[in-house]
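Order of the sequence lines sets the chain letters (A, B, ...), proteins ahead of strands, with each chain counted from 1.
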Amino acid sequence: MSKRKNPSDDNNLNSDFCDFLMELAEYEKNVSRNVHKYNAYRKAASVLATHSKRIESGDEAKKLSGIGDKISKKIDEFLQTGKLRKLENIHQDEDAQAINTLTRVTGVGPVKAAEFVRNGIKSIEDLRNNIDKLTHHQTIGVRYFEDFEKKIPRKEIQDIEGKLKNLIKNLDPEFTVTICGSYRRGKRESGDIDALVTHPSLKINEKKKKHEAKLMKSLVDALKGLVTDVISIGDTKFMYYCAILYFTGSDVFNKTMRAHALDKGFTLNEYALRPVGVTGVPGEPVQISSEEDVFDYIDYPYKTPEERNM
DNA sequence: GTCAA
DNA sequence: AGCGATGCGCG
DNA sequence: TTGACCGCGCATCGCT
């Protein structure tokens with residue numbers, strides 16, 4: 001549920017470049033509705049953030065994968081003038097700014113945001129005055145707008161992890177809980193909490209499921225902003241490791257890994273790793289009994305959760 | 001916007 | 001009621 | 001120069 005991104009983190013020598021690239025990314029996604037440019041800008045920001053040397057020129061940046069002619073020139077312009085004309089223009093475009101703002105509400109995407117602005121609804125305040133025009137999802141989005149943009153300290157997640165495990169243990173001691181996401185990757189704070197809940201028995205009766213859902217819901221209400229995904233389907237043993245891999249992320253890591261899987265003739269999702277036949281039709285899932293198994297099958301060097309922060 | 005076919 | 005298309009979100 | 005750019009679930013909406 002976290003909409004925030006930050007390749008412009010800690011010891012990043014190129015964070016100023018990353019900042020304007022991320023801003024351009026947001027613009028392309030939210031206003032231009034071009035998700036591919038959005039991803040291109042984010043990839044460029046990511047590669048610059050990882051780069052251990054301060055970039056001194058556009059030409060130098062261009063050597064990095066993901067940076068081409070246009071971004072190279074933008075870097076030159078930024079180095080010379082300290083800003084980008086393109087970005088300055090965007091700042092002055094009030095509708096574009098309004099669309100960007102509305103998009104920060106979960107449940108409001110580029111299309112809905114543009115429609116709101118067209119109808120004169122241009123701020124969070126305006127949204128709150130028009131609750132009747134919102135879906136259930138968007139209503140929650142405005143209600144907790146400020147909360148959702150806050151980061152959650154690791155310590156706080158540890159507390160919640162303890163409470164969650166206690167509650168679920170009382171429900172049925174055979175449940176296991178794993179907090180995935182950036183928490184599992186060792187981050188000091190996270191945008192949300194991803195809890196993967198499994199049960200050793202293949203069958204979970206319906207009543208228990210509902211009871212569990214209720215429990216989760218009350219927990220969410222009580223803690224304001226705890227977001228959970230519950231996976232409980234037949235082949236759990238089998239799916240579990242693909243799920244934990246997926247929920248641990250990061251998103252860039254997942255994309256990279258899935259792309260690599262395709263190279264090696266497999267398709268990977270959160271449920272299974274399957275070979276892809278010459279016809280392009282995925283075959284039967286491969287038996288997986290650990291996270292490492294997935295890496296092995298697609299011939300990808302194993303990375304610990306902490307090494308998946310990409 | 002970038003890369004590769 | 002049932003369907004597919006679209007929008008939005010998750011990692 | 002042109003096409004691809006992960007993979008999928010859920011809510012919503014319009015059409016039949």
Side chain to side chain, [X] and [Y], heavy atoms closer than 4.5 Å:
X        : Y        : answer
A:Lys74  : A:Lys86  : yes
A:Arg54  : A:Phe17  : yes
A:Asp76  : A:Ser57  : yes
A:Leu134 : A:Phe116 : yes
A:Val47  : A:Lys43  : no

_Can you list everything that forms a ring pair (Phe, Tyr, Trp, His ring centres under 6.0 Å) with A:Phe145? Sequence neighbours excluded, please._
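By the ring pair (Phe, Tyr, Trp, His ring centres under 6.0 Å) rule, A:Phe145 matches no residue at all.
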*State, to 0.1 Å, how close A:His51 and A:Asn14 come at their nearest heavy-atom pair, and which atoms those are.*
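Reported closest heavy-atom pair: O-ND2, 3.9 Å.
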*A:Asn12 and A:Leu48: which non-hydrogen atoms are nearest, and at how many Å?*
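Result for this residue pair: OD1-O, 4.0 Å.
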*Would you call A:Lys165 and A:Glu161 a salt bridge, taking side-chain N to carboxylate O under 4.0 Å as the test?*
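Salt bridge between A:Lys165 and A:Glu161, a charged N being under 4.0 Å from a carboxylate O: yes.
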_I'd like to know if A:Glu23 pairs up with A:Lys83 as an ion pair, taking the criterion as any Lys NZ or Arg NE/NH1/NH2 lying under 4.0 Å from an Asp or Glu carboxylate oxygen._
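A:Lys83 and A:Glu23: not salt-bridged.
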Spacing between [X] atom [atom1] and [N] atom [atom2], to the nearest angstrom:
X        : N      : atom1 : atom2 : answer
A:Glu28  : D:dC5  : CD    : C1'   : 15 Å
A:Glu26  : C:dG9  : CD    : P     : 11 Å
A:Lys133 : D:dT12 : NZ    : P     : 17 Å
A:Lys37  : D:dA4  : NZ    : P     : 18 Å
A:Asn39  : C:dG9  : CG    : P     : 14 Å

Check: protein-nucleotides 2-7 of chain C nitrogen or oxygen pairs below 3.5 Å:
none

*C1'-based separation of D:dG9 from B:dG1 [nearest Å]*: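 It comes out at 29 Å once rounded to the nearest Å.
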_Taking the P atom in each of D:dC8 and B:dT2, what is the distance between them to the nearest angstrom?_
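Between the two P atoms, the distance is 29 Å.
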_Can you classify the ring geometry of A:Tyr302 versus A:Phe295 as parallel (below 30°), tilted (30 to 60°) or perpendicular (above 60°)?_
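Because their plane-to-plane angle is over 60°, the rings of A:Tyr302 and A:Phe295 count as perpendicular.
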*Side chains of A:Asn130 and A:Lys133: do they bring a donor and an acceptor to under 3.5 Å?*
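A pair is found: one side chain offers a donor N or O, the other an acceptor, under 3.5 Å apart.
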*Please work out if A:Leu64 contacts a base, only the sugar-phosphate, or nothing of the nucleic acid, heavy-atom cut-off 4.0 Å.*
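Sugar-phosphate contact only.
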Is a donor on one side and an acceptor on the other found under 3.5 Å between the side chain of [X] and the backbone of [Y]?
X        : Y        : answer
A:Glu149 : A:Glu146 : no
A:Glu26  : A:Asn100 : no
A:Arg42  : A:Ala25  : no

*Listed in order of residue number, which residues of residues 67-75 of chain A have a non-hydrogen atom at under 4.0 Å from DNA chain B?*
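Close to the strand are A:Ile67, A:Gly68, A:Asp69, A:Lys70, A:Ile71, A:Lys74.
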*Between residues 50-58 of chain A and DNA chain B, which residues have a heavy-atom gap below 4.0 Å?*
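Listed by number, there are none.
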_Outermost nucleotides of DNA chain B that come under 4.0 Å of a non-hydrogen atom of chain A_ =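 Here the contact window of chain A covers B:dG1 to B:dC3.
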*In this structure, are over 12 heavy atoms from other groups packed under 6.0 Å from A:Lys63 atom NZ?*
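No, not enclosed.
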What's touching nucleotides 8-11 of chain D from the protein side, N or O pairs under 3.5 Å?
unit_1 : atom_1 : unit_2   : atom_2 : d
D:dC8  : OP1    : A:Asn269 : ND2    : 3.2
D:dC8  : OP1    : A:Arg274 : NH2    : 3.4

